[in-house]
Amino acid sequence: MADQLIIAIGSDHAGFHYKSAIVAHLEAKGFEVRDFGTDSEASTDYPDYVHPVAQLVNTGAVPRGILVCGSGNGVCMTANKYAQVRAALVWENDLAALARQHNNANVLCLPERFISLESALQFVDTFLSTEFEGGRHERRVNKIAPAQS
């Protein structure tokens with residue numbers, strides 16, 4: 001399916017280097033990458049780069065997104081404000097697999113300051129190649145909903 005080859009990506013200044021490497025990695029594998037920046041190490045605000053990625057995933061315009069910042073926390077918190085986004089903060093490969101298998105995560109969040117680039121690329125590959133198991137996990141995922149104010 002052609003849309004399965006489209007990935008939205010964004011980062012702040014603390015995730016810029018890994019984002020750039022991930023974009024090159026994905027393009028070399030044949031993915032179309034929609035890069036929402038940032039494009040430098042200049043200090044910036046991570047929500048500005050998360051919202052475009054999360055909006056595309058939320059509406060189904062792209063199947064998956066990748067976000068990178070220093071800790072991964074800020075981008076993950078922001079992305080998870082969207083009703084159809086299930087963003088997962090990953091720092092080990094098993095977490096990338098389980099986020100997909102058990103939680104049907106559709107946005108991968110990476111902490112550049114706490115993982116190696118080699119690990120980040122491995123987590124991306126695992127996240128994109130692992131399928132959702134469904135079954136009892138689907139029942140649980142279906143119970144995830146935004147809280148009412």
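Residue numbers start at 1 and run along the sequence shown.
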Looking at every heavy atom in both E41 and H13, which two are closest together, and how far apart are they?
O-CB, 3.4 Å
Does one hydrophobic cluster hold both L117 and W91, with members joined at side-chain heavy-atom distances below 4.5 Å?
yes
Test of understanding: clusters of I, L, V, M, F, W, Y form through side-chain heavy atoms closer than 4.5 Å, transitively. Do Y49 and V90 belong to the same one?
no
Backbone N/O of V62 and side chain of R34: donor-acceptor pair under 3.5 Å:
no
Would you say the side-chain atoms of N103 pair up with the backbone N or O of A105, donor to acceptor, closer than 3.5 Å?
no
Please confirm whether the backbone N or O of K19 pairs with a side-chain atom of D35, one donor and one acceptor, at under 3.5 Å?
no
Apply side chain to side chain contact (heavy atoms under 4.5 Å, CB included) to residues R64 and L108 and explain how you reach the verdict.
CA-CA 8 Å; R64 308 249 180 98; L108 174 67; over 6 Å; no
Are any side-chain N or O atoms of N80 and backbone N or O atoms of C76, one a donor and one an acceptor, separated by less than 3.5 Å?
yes
Can you name the nearest heavy-atom pair linking A88 to A99, along with the distance?
CB-CB, 3.6 Å
Modelled atom types, side-chain donor and acceptor of T78 and Y46, under 3.5 Å:
no
Do the non-hydrogen side-chain atoms of F132 and Q101 ever get within less than 4.5 Å of each other?
no
Can you list the steps and then say if E32 with L5 is a side chain to side chain contact (heavy atoms under 4.5 Å, CB included)?
CA-CA 6 Å; E32 176 187 333; L5 294 178; 5.7 Å; no
Does any N or O in the side chain of Y18 come within less than 3.5 Å of the main-chain N or O of I115, such that one atom is a donor and the other an acceptor?
yes
A21 to L121 - nearest heavy-atom pair and separation
O-CD2, 4.2 Å
Tell me if a side-chain donor or acceptor on N106 pairs with a main-chain N or O of R86 at a distance below 3.5 Å.
yes
Distance-only, no hydrogens or angles: does the T59 side chain make a donor-acceptor pair with backbone N or O of L56 under 3.5 Å?
yes
Less than 4.5 Å apart, any side-chain heavy atom of I22 and any of L110?
yes
Find the distance between OG (S116) and CD (Q122) and round it off to the nearest 0.5 Å.
8.5 Å
Quick check on the hydrophobic clustering: are V33 and F16 connected, directly or via other members, by side-chain heavy-atom contacts under 4.5 Å?
no
Short question: side chain of D12, backbone of T44 - any donor-acceptor pair under 3.5 Å?
no
Minimal heavy-atom distance between G72 and V75, with the atoms involved, is O-CG2, 3.4 Å
Decide yes or no for D125 and K29: does some side-chain heavy atom of the first lie under 4.5 Å from some side-chain heavy atom of the second?
yes
Ring centroid separation for H51 and Y82, is it under 6.0 angstrom?
yes
4.5 Å side-chain heavy-atom contact, T38 and S11:
yes
May I ask you to test the N73-L89 pair for a side-chain heavy-atom distance under 4.5 Å?
yes
Side-chain heavy-atom pair N104, H137 within 4.5 angstrom cut-off
no
Kindly compute the distance separating NE2 (H102) from CG (L95), expressed to the nearest 0.5 Å.
11.5 Å
Work out which heavy atom in R113 is nearest to a heavy atom in A14; give both atom names and the distance.
NH2-CB, 3.5 Å
Is there a side-chain contact between L26 and I66 in this structure, where contact means two heavy atoms from C-beta onward sitting under 4.5 Å apart?
yes
For a quick test of reading the model, state the closest non-hydrogen atom pair linking F36 to A8 and the distance between them.
CE1-CB, 4.1 Å
When clusters are formed by joining ILVMFWY residues with side-chain heavy atoms under 4.5 Å apart, either directly or through shared neighbours, do V23 and F123 land in the same one?
yes
Is there side-chain contact between I9 and V53, with heavy atoms separated by less than 4.5 Å?
no
